[in-house]
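Reviewing the structure listed below.
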There are 2 protein chains.
Amino acid sequence: MESYTEENYLKVIYHLSNLTTGTVQTNAIADKIQTRPASVTDMMKKLAEKQLINYVKYQGVTLTEKGKATAVNIVRKHRLWELFLVKTLNFKWDEVHEIAEELEHVNSPLLIERLDEYLGYPKNDPHGDPIPDKNGNFDSPALVKLSKLKPAEKGIVVGVSEHSSSFLKYLEKIKLTLGTAVEMIEVIEFDGSVDLLVEDTRKNVSREVASHILMRTN
Amino acid sequence: MESYTEENYLKVIYHLSNLTTGTVQTNAIADKIQTRPASVTDMMKKLAEKQLINYVKYQGVTLTEKGKATAVNIVRKHRLWELFLVKTLNFKWDEVHEIAEELEHVNSPLLIERLDEYLGYPKNDPHGDPIPDKNGNFDSPALVKLSKLKPAEKGIVVGVSEHSSSFLKYLEKIKLTLGTAVEMIEVIEFDGSVDLLVEDTRKNVSREVASHILMRTN
DNA sequence: TAATAAAGTTAGATAAATCTAAATAAAATT
DNA sequence: AATTTTATTTAGATTTATCTAACTTTATTA
Ligand SMILES: [Mn+2]
Ligand SMILES: [Mn+2]
Ligand SMILES: [Mn+2]
Ligand SMILES: [Mn+2]
């Protein structure tokens, strides 16, 4: 069994692995976990000892199969709880992350199995992120950033790459939530902002915002 | 804020306070929490420092108002989660305690508020125990042990004073679950066991079992 | 390539929660 | 009242997770 703290390190390493190509750096972990690099080094030794990561001094880390499976399971729990909070307890999508950060550490495989069943074996969480199944499998179709659509190209908002409450609330406000159909009109050369057609209405959003909205374009 | 460990100590002190008249003893706490008396003493100093208990060396402890409010809130969370597990996720009443022991420490007043609302502001958990409301209030009507009913006296099973899985499964098996109407026939002098009438069927249960079944007799 | 900067590690401390063994206080018995 | 037993506390360690300050390695740049 892994401690609460170990689980958080594994989860962070997992998420960082998906953002970079090579190994995950000590300082990157320290940043995410809000701790000191020295503390990260200590924990890396411990996780390596437990065969959860591959660690070479000064060379960063990667997850072992065992470490990856553990991390994916935590992500599964996190996302199932987030969906439960939104669907059953009527939370908004910007309110659930912090609570799920705690709930994800509750250790009861049966509880998660029942929660999954109750929710109807869902494939995505309230932010569009895929929910791994009991075996850790999930599909992550290649999505395109809204900021990268070509003029006249259409798509559906299916995810976000930024989960802060302020960002999610803003999307809510401008009605660019999951499931919304969007057509690109043009990218403004001056500032990279985009003009869009959303349900027959023209809208402009900044490059920053558009780059965090993920589209399915088929 | 109290740590996970501090919360468990407070909860145990609270439950023990309701079983005894005077102060709660060091060894009693150590027993319940499965730790050493020396560790309890250490924690008592810490909780006293935080004004959560009244502690006099060698004289046992009592909860302060602040400590009691904290403990009652943990009990509230525990019981709401137990009811949720039974009502929504289809757990049996003998399966929920251990999971609730973890869930009760998740710290989100809004989550508990929403859970309470979702469950319809219930008054009792799956074992018949009262669920304190948001302000810590609850009613605990005086209940009588099934073993104490007089011959021909009738009552309804509304609680249990033993929460082990084996006991609860046994009650399930002999159909003496919450809500069941029971009439006392006689107490067998030899072994204290009781002959009962349960839905037109005669049943005999041991004194031990009968003493853990709580009745409303109106 | 030598100097500098950035990244990462080590050594030694600290706080929380626990333990064992020894000491002390309170309660129960003679 | 003295003795014995039981309950509780203290002293000193241990484990986990963290930190600061100093040091080492790797990467960058001149
Ligand atoms: Mn989240
Ligand atoms: Mn999410
Ligand atoms: Mn319980
Ligand atoms: Mn209960």
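Everything quoted here is computed from the prediction, not taken from an experiment. Proteins get letters first, then strands, A, B, ... in listed order; numbering begins at 1 in each.
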In terms of side-chain heavy atoms of A38(A), which of dT20(D), dT24(D), dT18(D) is nearest?
dT20(D)

Given dT18(D), dG8(C), dT8(D), the nucleotide with the shortest approach to the side chain of T26(B):
dT8(D)

Indicate whether OP1 or OP2 belonging to dT18(D) is found under 4.0 Å from a side-chain N or O atom of R36(A).
no

Side-chain N or O of N27(A) less than 4.0 angstrom from OP1 or OP2 on dA6(C)?
no

On DNA chain D, compare the nucleotides closest to E6(A) and V56(B); which residue's is nearer the 5' end?
V56(B)

Across the strands shown, which category fits T5(B) at heavy-atom distances under 4.0 angstrom: base, sugar-phosphate, nothing?
sugar-phosphate

Establish, with yes or no, whether the OP1 or OP2 oxygen of dG8(C) is under 4.0 angstrom from a side-chain nitrogen or oxygen of Q25(A).
yes

Out of curiosity, N204(A) CG to D191(A) CG, how far, rounded to the nearest 0.5 Å?
7.0 Å

Phosphate contact (dT9(D) OP1 or OP2) by T41(B) side-chain N/O below 4.0 Å
yes

Before accepting this row, confirm whether a basic side-chain N of the pair D133(B)/R76(B) lies closer than 4.0 Å to the acidic partner's carboxylate O.
no

Between dT10(C), dC19(D), dT18(C), spot the one nearest the side chain of T35(B), thanks.
dT18(C)

Side chain of Y9(B): nearest nucleotide among dT10(C), dT18(C), dT9(C)?
dT18(C)

Can you check whether Y55(B) has a side-chain N or O nearer than 4.0 Å to OP1 or OP2 of dT9(D)?
yes

Using the side-chain heavy atoms of D42(B), tell me which of these nucleotides is nearest: dA25(C), dC19(D), dC19(C).
dC19(C)

Would you say T64(B)'s side chain and Q51(B)'s backbone share a donor-acceptor pair under 3.5 angstrom?
yes

Any K57(B) side-chain nitrogen or oxygen under 4.0 Å from OP1 or OP2 of dT10(D):
yes

